[in-house]
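Notes follow once the structure below has been shown.
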Amino acid sequence: MRIPQKVKKITDESKYNISFVVEEDIVFLKGKVETYEDWVDIGLKIGGIKGVNGVVNDIVWDERKDKASEDRKKRSKRSKKENLGEYDIVIIGGGIIGCSIARELSKYELDVALAEKEPDVSLGQTRANNGMVHPGIAPSKDTLKRRLNVRGNAMYGELSQELDVPFKRVGSLILITPRTMEKYRKYLPGPLYRFFLKHVLPWFVKRRGEMNGLEGIEILKGEEVFQEESGIVDDVISAVKIPSTGIVDPYEWTIAMYENAKKNDVDFYLNTEVLAFDKERGLIKRVFTDRGVLKCGHVINAAGLYSDVIAEMAGTKEFTIHPRKGVELLFNKRLEDRVHHCLAELKIPSHPTSKGGGINPTVHGNIIWGPTAEEVESKSETSVDKEEIHEIMQKYSTILPQFPESEFIRYFAGVRAASFTEDFIIRPAKKVKNLLHVAAIQSPGLASAPAIAEYSVELLKDMGVDLRRDESFDGERKSMDRVSEMSEDELKRRIEEDPSWGNIVCTCEMVSEAEIVEAIERDAESFDAIKRRTRAGMGECQESYCLLRIAEVISRELDMPLNQVKKEWKESQFFDGIVRGEEP
Amino acid sequence: MKDVVVIGGGPSGLAAASSIAEKGYKVVILERDDELGGLLQQCIHDGFGTILFDESLSGPEFADRFIEKVMRSDVPIELETYVKSVDKKDDHFELLTVTPEGVHKIKSRSIVYAIGCREKNRFEIKIGGTRPAGVYTAGTVQRLVNLYGVLPGKNPVIVGGGDVGLIVARHLYLEGVDSLFMVYPEDFFSGLPRNAQQCILDFDIPYRNRTTVKRILGDKKVEGVELVEVDEEWEMIPGTEEIYECDSLILSVGLIPYSEKIEDLGAEIDEETKGPVVNEYYGTTVDGVFSVGNLVQIFDYVDDAVKTAYIVAEGVDKFLKGIDVKRKKPIKLVPGDKIDTVTPQRIFYEEGEEVTVFFRPGVEKENAVVCLVNLGNVIKTYRKRYLRPSTLEEIKVPKDLFNGKKEVTIRVR
């Protein structure tokens, strides 16, 4: 059956009246449904058809108000005429993908600019990533995800050296327990179920990993599992150990990419939102932003959650992003010794759209549980409710029954940029020949990022970009110095030079005033930007001790009154007003 | 080699240091802030000292009494000092400190932890919603308003009707916020009745009982909160949610002892107080490590917290002198029916006249009888006119009562 027939079969089965067009293997949907769930559901069904290269879901659900796009239209009138410069490549989006591509391109003799609407890099879905560098066992064999994940994972070791960012190949354990195939238990009576879980299923998992190109996979049985991870639930039957799984701090990685790209002459335009494109003969010539105009040779759409908006803005609508929220629980560092690998319980059938999260160590010693996977209507829906916290606590305490699951110090959520085809969309735009989509990068986007950057540059070459090595490229980046990691002698020497190294402003994470100042020198202008660079405020007390102390340093260094210090955005000033009788 | 290092220069630490120094020991005080006095420095309201000095002082005034005493003694004070690590050696401890002057090693035969408590934050009480700017603990707001002259917002909501919440509410009202609203989950303010009267009722500040904040609204800055009514168990009642617009949220939802560091040293922690388990002289379960003040448990009055500092001086003295009249197995003092917490949790020494025992009732009760019970037998009773969970109670227990017993339970009849 060809694609249109398959799509027709699905729309015919639907209780709604849905019309569609298929063009270059992209399905354009129109119609009306009653609920958001139905909107997602039909998109996913059609995205699941083999050979479909994109789903543009223009179905209206209920009285869906497209407020965001109205706002954008209003804002587009605010684009500034001022000329910001002429570039060979303009990258849209400063998440891990945009920044990784920027650094990759800085190896060549190209003028590159990156536009990011937020005041810092890594503020989109990158920020809420749990830091797991997946091995590449989950994606199906024929996907782009699979290839880039395996390749990206392998690149992490060397890159982390160059960028001076901690990366640990901790390995992961896929746990097989009596709950793994609960649903199929009835077909495997008596001892057969257990036999299957102990001797057959691990072999299948291992085989899948090997087919995907992974090496060194081991099968652990009974006692062997506890030797690797002592806190695991007693009734675990077997486990598959994948040695290549790693962990990294997602925003530290992104900031490192940003800093190194900047050092190699990429121009970063932060607080710069792309509002429109100026096209000639089907090619983008100029990118309009709220800060000015970027002339361009080629454009890369790495706008994450908003990559479908950028595509539409460029006149080449070919996919729709449906936001999928993930909630995570972060635990006290004191529990570091409780978890050594990335842990997940295998469930068959699996969640159709997510690997279902797990329990991970972080490079800083916290333990992190999650993420959940929930389709949400808004791309900025990152709230967390009590029910979601309890859902995570319940789900993962079955893996680690002794773990004090109430000792979390924070919860947060991020939104994944999922497409209906559930694969990455990395290809030249269909209707704009100088635009490259690097879109729909959800999990395992972090693991794949270095390979995505490499692949994007290959595609640019095919699109006619002249790639000549820049001999002056310097890939080395030095991380911030941290008092918490310094030897006694080194710290003594530093304090002698500058006493502020000995002024500890965040006592939970042991961060000195000097580090706050260095973060500000490295472009951090808000409390949260400093937090991401120094870890100040990330400990047990969650900012209650250090907030004012750091705000005071920001106020002094950036020469602004204390009540203008921002948490993150210009709209997120911490304090408002001064006490009665005090002069402003 | 020092005899004693006191970590923390708040009232309890200061009192402990000067009492110990009076006995002729070499003491040093380490304080992370750039001034002594601890949390009292930001408490510019009065009401401190009514028990100890029989007068009503402001926080800084109360602190000054202790600061002056330490200043008059020859106890060295190390400010802006961060204790990076504490290692237990055979007969002493080795501390590594970081200060703007450098990195120092301090050797000491014993340590008194007086590092107090911290405020619970929104994550610890699972408030849902977003994570925008504008959510603060009451202590941060006190510091902001009193030390920096800056307001947290123009229209704050305060959660918590305890003393800290009440006092911060009055401050914000007087310092010029446009509007103010307080919610708390109890039937009536849990703070002292005089504070409820003088801070909220006298100013007609609007409030609502049996209410808490379910969710925080606003992506970048607080735009409002979703309030919800709660039942007697503080469980949210579905269907009673209501949006209230505000620009900041101030949490005064409880304090929690800073017990991480002492737990790392191996000290046993009491699940109920969240502070270290201590004996009648405030020694922890690690020999040579003592704990006083709000680190032991949350006291309602700083006056009571300071009492522990006087008692610890005796304990440090005994430890340093090697006086060994310890019981082979300490007697456990445990909270029983209608009692939430008891300190001290262990009776360690045989000699001595009486023990000051603090307990927090789990119920509100008039004309209550508090019983000490051993193996089912009531061995002593105390009459209390009025008990309530938000008021810490004190009793004096004769020491000989503990002889020959393994465990004594304290309960309300």
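Each chain gets a letter, A, B and so on, in the order its sequence line appears, and its residues count up from 1.
- Atom-to-atom distance recorded for B:Leu151:CG and A:Phe575:CZ is 11.0 Å, nearest 0.5 angstrom.
- Annotation: the span from B:Thr137 atom OG1 to A:Leu547 atom CG amounts to 8.5 Å, rounded to 0.5 Å.
- At a threshold of 4.5 Å between non-hydrogen side-chain atoms, the residues B:Arg32 and A:Thr507 count as touching.
- In this structure, the portion of B:Asp247 lying under 4.5 Å from any heavy atom of chain A is its side chain and not its backbone.
- For chain B, no part of A:Ser406 is nearby; none of its heavy atoms comes within less than 4.5 Å.
- When the shell of 6.0 Å around OH of B:Tyr173 is examined, it contains 12 or fewer heavy atoms from other residues, nucleotides or ligands.
- Ion pairing between a basic and an acidic side chain is recognised when a charged N comes within 4.0 Å of a carboxylate O; A:Arg549 and B:Asp33 show such pairing.
- Proximity of A:Phe408 to B:Lys126: side-chain heavy atoms (C-beta onward) are separated by under 4.5 Å at one or more points.
- Put simply, NZ on B:Lys221 and CG on A:Asp576 are 6.0 Å apart, with the number rounded to the nearest 0.5 Å.
- For A:Thr382, the parts sitting under 4.5 Å from any heavy atom of chain B are the backbone and the side chain alike.
- Residue B:Glu241 qualifies as enclosed at atom CD: its count of foreign heavy atoms under 6.0 Å is above 12.
- Around CD of A:Glu497, the count of heavy atoms belonging to other residues, nucleotides or ligands within 6.0 Å exceeds 12.
- Side-chain contact between A:Lys386 and B:Met236 is present, with heavy atoms from C-beta onward closer than 4.5 Å.
- Two residues are said to be in side-chain contact when any heavy atoms from C-beta on lie closer than 4.5 Å; A:Asp385 and B:Lys214 fail this criterion.
- Taking the side chain as every heavy atom from C-beta outward, A:Glu488 and B:Lys84 never approach each other to under 4.5 Å.
- When side chains are defined from C-beta on, B:Lys220 does not count as touching A:Lys567, because their heavy atoms never get closer than 4.5 Å.
- The most heavy-atom pairs under 4.5 Å with chain A, out of B:Glu80, B:Arg131, B:Arg122, come from B:Arg131.
- Shown here for B:Ala133 and A:Ser572, the closest heavy-atom pair between the two residues is CB-O, 3.6 Å.
- A:Tyr411 and B:Phe123 have perpendicular rings, their planes meeting at more than 60° on a 0 to 90° scale where under 30° would count as parallel.
- Here the NZ atom belonging to B:Lys120 is positioned 15.5 Å from the CD atom belonging to A:Gln542, to the nearest 0.5 angstrom.
- One finds the CG atom of B:Leu147 at 8.5 Å from the CG atom of A:Leu548 (value rounded to the nearest 0.5 Å).
- A:Glu381 CD: more than 12 foreign heavy atoms inside a 6.0 Å radius.
- The greatest number of non-hydrogen atom pairs below 4.5 Å with chain A, out of B:Val145, B:Ile127, B:Ile256, B:Val177, is found for B:Ile127.
- Comparing B:Pro152, B:Gly218, B:Gly176, B:Pro132 by heavy-atom pairs within less than 4.5 Å of chain A, the highest count is held by B:Pro152.
- Within a 6.0 Å sphere centred on CG of A:Asp559, other residues, nucleotides and ligands contribute 12 heavy atoms or fewer.
- Contacts between B:Asp219 and chain A at a heavy-atom distance below 4.5 Å involve backbone atoms as well as side-chain atoms.
- When each of A:Ile389, A:Asn503, A:Asn563 is checked for heavy-atom pairs under 4.5 Å with chain B, A:Asn503 comes out on top.
- Proximity to chain A (any heavy atom under 4.5 Å) is restricted, for B:Leu96, to the side chain, taken from C-beta onward.
- Among B:Arg143, B:His171, B:Lys261, B:Glu101, the residue with the largest count of heavy-atom pairs under 4.5 Å with chain A is B:Arg143.
- The closest side-chain donor-acceptor pair between B:Glu260 and A:Asn332 falls under 3.5 angstrom.
- For a residue to count as touching a neighbouring chain, one of its non-hydrogen atoms must lie under 4.5 Å from one of that chain's; by this rule A:Leu562 touches chain B with the side chain only.
- For a residue to count as touching a neighbouring chain, one of its non-hydrogen atoms must lie under 4.5 Å from one of that chain's; by this rule B:Arg215 touches chain A with the side chain only.
- The candidate from A:Lys492, A:Glu407, A:Lys570, A:Met510 with the greatest count of non-hydrogen atom pairs under 4.5 Å with chain B is A:Met510.
- A donor and an acceptor atom, one from each side chain of B:Tyr148 and A:Glu552, are located under 3.5 Å apart.
- Salt bridge A:Glu540/B:Arg118: present, at least one basic N to carboxylate O contact under 4.0 Å.
- Checked for salt-bridge contact, A:Arg334 and B:Asp264 meet the test: a charged N lies under 4.0 Å from a carboxylate O.
- The shortest distance between side-chain heavy atoms of A:Cys541 and B:Tyr258 falls below 4.5 Å.
- Side-chain atoms of B:Thr140 and A:Ser544, non-hydrogen and from C-beta on, do get closer than 4.5 Å to each other.
- In terms of non-hydrogen atom pairs under 4.5 Å with chain B, the most contact-rich of A:Gln573, A:Glu513, A:Glu496, A:Glu568 is A:Gln573.
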